[in-house]
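Take a look at the structure set out below.
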Amino acid sequence: MPRDPQAFDDDEVDAQGTGDGSARRFQDFDCPACNANNPYDDGIGDGDEILCYYCGQEYRVKVTDEGRLKLREN
Ligand SMILES: [Zn+2]
């Protein structure tokens, strides 16, 4: 099944957040590359750039209108 090329690199991450829709912020994320859990005390929100402390992979954060966390590898 064809996928939206713009979304091709996005990994949807199962994470708990606070707030509604794309304004939701998350306190941690599971790295799609190495599966390590990375806590972020300052929170993770749409448009942020984050770093996995374990494998060093950088991600750009996308929060969908449904409040789902997606990460794109930088
Ligand atoms: Zn990682």
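All ligand and atom numbering here is 1-based and tracks the order in the structure.
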**OP:** Hey, can you tell me if Tyr59 and Phe29 have their rings parallel, tilted or perpendicular (30° and 60° cut-offs)?
**Re:** perpendicular

Subject >> Number of protein N/O/S atoms that sit closer than 2.8 Å to the Zn ion (ligand 1) >> reply: 4

Original post:
In Å and rounded to the nearest 0.5 Å, what is the CD to CG distance from Gln16 to Leu69?
Top reply: 11.0 Å

Original post:
Asp30: what forms a side-chain hydrogen bond (donor to acceptor under 3.5 Å, both in side chains) with it, not counting sequence neighbours?
Top reply: Asn37

Subject >> Pairs touching residues 45-63 that satisfy salt bridge (charged side-chain N to carboxylate O under 4.0 Å, His left out), sequence neighbours left out >> reply: Arg25-Asp48, Glu49-Arg60

Original post:
Could you give the distance from CD (Gln57) to CG (Asn38), rounded to the nearest 0.5 Å?
Top reply: 11.5 Å

Subject >> By side-chain hydrogen bond (donor to acceptor under 3.5 Å, both in side chains) - contacts of Glu12 (at least two apart) >> reply: Arg68

